[in-house]
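Below, all heavy atoms of this structure are taken into account, side chains as well, without hydrogens, waters or symmetry copies.
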Amino acid sequence: MSILFTETANCSVNNAIHSNFFKTLPDVILKHTCWEYLCQETDTGCFLKPTFRHMPYRNSFVPEIDVVVSGCGEHTILQMRGQPVKFVRIFMAIWFISLLMFELCFLVLAITSKLDSIFPVFIPIGMCVFGYLLCKLATKVTFNSVTKAIRREYS
């Protein structure tokens, strides 16, 4: 399920890694995702992991984004992966399974009885498409805004 909504990107910044970069990057991401990040340095750079969300509710479709920062000479490379929070992924799995069961019921009813209209058969499919687009577009829009903000801030 998480593969359906996961966005990945590699972002290259023309500056070399410096300590100020590690201090300001979590704030840049926080502006776009409402997530507070923990930055842990490694030998080749650092990685940022979401730790706390500044929202009064937890079931938002705003994704959490994992960032791995590494140095490559004079360039800094960011490998980012964004996906909805675990609650949303579980909710959407239940959503899709229940809609597929409704679809099967409507198909059986449509085949076994003479319905005046086949419109009910398309309702669960439309709801599946709506749920998928809600998750995918929310993840993609947030992910793209973070990527653009990082490029704007550090290039």
Do [X] and [Y] belong to the same hydrophobic cluster, where Ile, Leu, Val, Met, Phe, Trp and Tyr are linked whenever their side-chain heavy atoms lie under 4.5 Å apart, directly or via other members?
{"X": "Leu100", "Y": "Phe102", "answer": "no"}
{"X": "Leu133", "Y": "Met92", "answer": "yes"}
{"X": "Met127", "Y": "Ile97", "answer": "no"}
{"X": "Leu137", "Y": "Val85", "answer": "yes"}
{"X": "Phe91", "Y": "Val129", "answer": "yes"}

Considering non-hydrogen atoms only, spot the tightest contact between [X] and [Y] and give its length.
{"X": "Pro120", "Y": "Pro124", "answer": "O-CD, 3.3 Å"}
{"X": "Cys135", "Y": "Val88", "answer": "SG-CG1, 3.9 Å"}
{"X": "Tyr132", "Y": "Phe96", "answer": "N-CZ, 3.8 Å"}
{"X": "Val121", "Y": "Ala110", "answer": "CG2-CB, 3.9 Å"}

> Quick check: does any side chain N or O of Ser98 sit under 3.5 Å from a backbone N or O of Trp95, one acting as donor and the other as acceptor?
Replying inline: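 Between the backbone of Trp95 and the side chain of Ser98 there is a qualifying donor-acceptor contact (under 3.5 Å).
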>> In the structure I gave you, are the side-chain heavy atoms of Asn144 and Lys140 within less than 4.5 Å of one another anywhere?
In response: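 Sidechains of Lys140 and Asn144: in contact.
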>> How long is the straight-line distance from CD of Glu103 back to CZ of Phe122, given to the nearest 0.5 Å?
In response: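 The CZ atom of Phe122 sits 8.0 Å away from the CD atom of Glu103.
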>> Nearest 0.5 Å, please: how far is CG in Leu107 from CD1 in Ile118?
In response: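 Interatomic distance, Ile118 CD1 to Leu107 CG, rounded to 0.5 Å: 10.0 Å.
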